[in-house]
2 protein chains.
Amino acid sequence: MTDTDNNSLPERKRGSGVKMVYAILRDEILDLVLPPGSPIDEVQLAERFKLSRTPIREALVRLAGEGLIDTLPNRSTMVSNIDFLNLHTFFEALVLMYRVTTRLAAQNHRPEDLSAIRGFHEDYAAAVQSRDALAMIATNAAFHAAIAEAGRNPYFTGLFRRLLDEGRRILRLYYQSYEEQFPQRFVDEHAEIIAAIEARDVEAADRLGKAHAEQIVEQVQKLFTRNNKLEIDL
Amino acid sequence: MTDTDNNSLPERKRGSGVKMVYAILRDEILDLVLPPGSPIDEVQLAERFKLSRTPIREALVRLAGEGLIDTLPNRSTMVSNIDFLNLHTFFEALVLMYRVTTRLAAQNHRPEDLSAIRGFHEDYAAAVQSRDALAMIATNAAFHAAIAEAGRNPYFTGLFRRLLDEGRRILRLYYQSYEEQFPQRFVDEHAEIIAAIEARDVEAADRLGKAHAEQIVEQVQKLFTRNNKLEIDL
DNA sequence: TGTATTTTTCTTGTCGACAAATAAAATACA
DNA sequence: TGTATTTTATTTGTCGACAAGAAAAATACA
């Protein structure tokens with residue numbers, strides 16, 4: 001965990017350091033390369049990225065702002081835990097944002113939005129075909145983020161992106177233990193959603209978005225209860 | 001603007017500097033002491049707070065994370081502008097969050113929440129009585145934030161707080177040019193909302209929250225169009 | 001006089017070092 | 001041997017300084 005990618009170019013532009021550290025750390029957290037509770041050591045990161053502690057620190061402040069890491073004053077910093085006890089609040093917010101963003105996309109999308117959405121739709125279908133669970137997680141999130149962007153409400157897309165990030169962590173946690181997969185059904189639902197958006201059928205988009213979200217939540221909850229049962233059985 | 005409060009104690013605890021700078025700057029931005037577009041100079045702030053640039057910088061990174069300031073790479077930093085062209089997206093999100101948080105409060109509140117809510121309700125009524133517009137803005141936001149907390153969904157409360165902050169800026173902008181006031185009607189509506197929450201009447205809470213939000217949005221919009229007309233007339 | 005190029009100025013981004021705060025280790029004492 | 005106290009070690013928070021980038025000013029040139 002100490003020396004994974006030291007082969008990065010020693011030539012870096014001024015100001016790119018923070019962004020790079022932020023992006024890499026963010027991905028490692030969301031992909032559970034850094035699992036919840038992992039200690040974050042500034043000095044270690046400074047050595048790894050060959051930077052001083054200052055830009056590392058700035059990246060950490062940003063991550064803390066998004067709730068991805070927790071900082072104990074004067075003491076350690078660690079990757080924030082997933083609050084399993086309050087998962088229902090996460091699902092609650094997720095379902096509503098699925099609904100709202102799909103509805104707004106039907107209302108406000110422009111032609112160019114649809115091609116972006118269709119692109120991610122195809123990526124997702126390909127991931128399902130090849131049974132690549134991690135690709136499914138990523139492309140599904142990208143698909144819905146694109147729909148949210150087409151809805152053109154930055155307040156909603158902001159919250160939704162955060163929820164999708166957190167979902168990426170939760171799903172990854174699950175899929176690393178069990179080789180489950182999203183069913184073909186989700187691909188079909190995505191196609192229906194696209195059709196509703198294109199037809200500017202606001203009510204249908206709302207309904208489909210809600211149903212789709214509830215499907216996903218239900219599946220995740222099913223997987224989790226099974227997961228917990230197995231853990232208890234050990 | 002250079003030497004407003006230099007009379008702060010020279011004794012500061014380690015780590016309190018960032019929080020202090022963050023809190024003060026945040027308030028100054030939301031109260032329009034620092035209007036949109038104001039340049040933010042790190043060196044100047046460092047002198048003002050008698051700190052080095054490092055903690056100032058950390059506070060600024062946080063503020064940027066919340067969208068309160070905009071940073072041009074390698075160049076200036078300034079208080080973020082209010083996007084008047086897309087105010088409707090703001091109102092859209094605000095109304096939905098009013099609804100959702102009020103609904104959830106009716107569902108999930110605990111006895112101790114109600115006393116907090118009632119406290120802010122009385123503060124608001126007092127502000128209306130004394131025709132103190134700025135106090136109305138602040139206490140109204142606090143009232144609804146308390147309701148959101150009672151709803152116990154951190155994702156919603158997070159977004160809602162940001163919206164209330166932005167609303168504080170918008171209203172302040174308005175109320176500094178015209179001595180308008182929130183009508184007594186809002187006090188009554190607040191009382192109705194409290195009653196619905198206490199009775200755990202979820203549907204009524206939802207309906208009242210929505211209606212209340214729309215009232216506020218309508219009033220603000222009315223004020224703005226009048227404002228704009230006057231400006232055009234000049 | 002107007003435009004292109006160089007120089008200067010000013011602000012930011014990064015660095016290495018030091019001091020405070022806390023935890024861990026070591027010592028004293030019963 | 002077990003607890004309280006001191007000492008050491010480790011990590012964070014802050015500092016002052018320096019260099020890179022970009023705008024503004026100054027200069028050269030037509």
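Proteins come first, then strands; the chains are lettered A, B, ... in the order of their sequence lines, and each starts at number 1.
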[X] [atom1] to [N] [atom2], straight-line distance once rounded to whole Å:
X       : N      : atom1 : atom2 : result
B:Asp41 : C:dT9  : CG    : C1'   : 14 Å
B:Leu45 : C:dT11 : CG    : P     : 12 Å
B:Ile69 : C:dT12 : CD1   : P     : 10 Å
A:Ile56 : C:dG16 : CD1   : P     : 12 Å
A:Glu58 : D:dT12 : CD    : P     : 17 Å
A:Met78 : D:dT11 : CE    : C1'   : 16 Å
B:Glu47 : D:dG16 : CD    : C1'   : 14 Å

Under the ring pair (Phe, Tyr, Trp, His ring centres under 6.0 Å) definition, can you give me all pairs with a residue in residues 54-87 of chain A, not counting sequence neighbours?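 Passing the test, one end in residues 54-87 of chain A: A:Phe84-A:Phe224.
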Does any nucleotide pair with C:dA20 by Watson-Crick or G-U wobble geometry, both distances under 3.5 Å, and what is it?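 D:dT11 is the nucleotide pairing with C:dA20.
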With both distances under 3.5 angstrom, what nucleotide forms a Watson-Crick or G-U wobble pair with D:dC29?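 The answer is C:dG2, by the H-bond criterion.
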How is [X] classified with respect to the nucleic acid when contacts are heavy atoms under 4.0 Å: base, sugar-phosphate, or nothing?
X       : result
B:Glu42 : sugar-phosphate
B:Ile40 : sugar-phosphate
B:Leu60 : nothing

With sequence neighbours excluded, residues passing side-chain hydrogen bond (donor to acceptor under 3.5 Å, both in side chains) with A:Asp123: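 side-chain hydrogen bond (donor to acceptor under 3.5 Å, both in side chains) check on A:Asp123 returns nothing, list empty.
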Please check the phosphate of C:dC15 (OP1 and OP2 only) for any side-chain N or O of A:Ser52 closer than 4.0 Å.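 Result: yes.
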Kindly assign one of parallel, tilted or perpendicular to the pair A:His190 and A:Tyr124, based on the angle between their ring planes and the thresholds 30° and 60°.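 Rings of A:His190 and A:Tyr124: tilted, 30 to 60°.
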Exactly one of B:Ile137, B:Ile82, B:Asp165 should register a side chain to side chain contact (heavy atoms under 4.5 Å, CB included) with B:Ile170. Which one does?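 Passing option: B:Ile82.
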Excluding sequence neighbours, so at least two apart, what forms side chain to side chain contact (heavy atoms under 4.5 Å, CB included) with A:Ala116?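 With neighbours one apart ignored, the set is empty.
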Sequence neighbours left out, what passes side chain to side chain contact (heavy atoms under 4.5 Å, CB included) with A:Ala141? Give chain and number order.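 So A:Ala141 forms a side chain to side chain contact (heavy atoms under 4.5 Å, CB included) with A:Leu164.
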Residue B:Pro55, side-chain heavy atoms: nucleotide from C:dT12, D:dC15, C:dT14 that is nearest: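 The answer is D:dC15.
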Does B:Tyr22 have any ring-ring contact (aromatic ring centres under 6.0 Å, His included) partners at least two apart in sequence or in another chain, and if so, which?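 If we apply the ring-ring contact (aromatic ring centres under 6.0 Å, His included) test to B:Tyr22, skipping adjacent residues, there are no hits.
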Base-contact (B) and sugar-phosphate-only (S) positions in nucleotides 18-24 of chain D, heavy-atom cut-off under 4.0 Å, - elsewhere: -BBBBS-
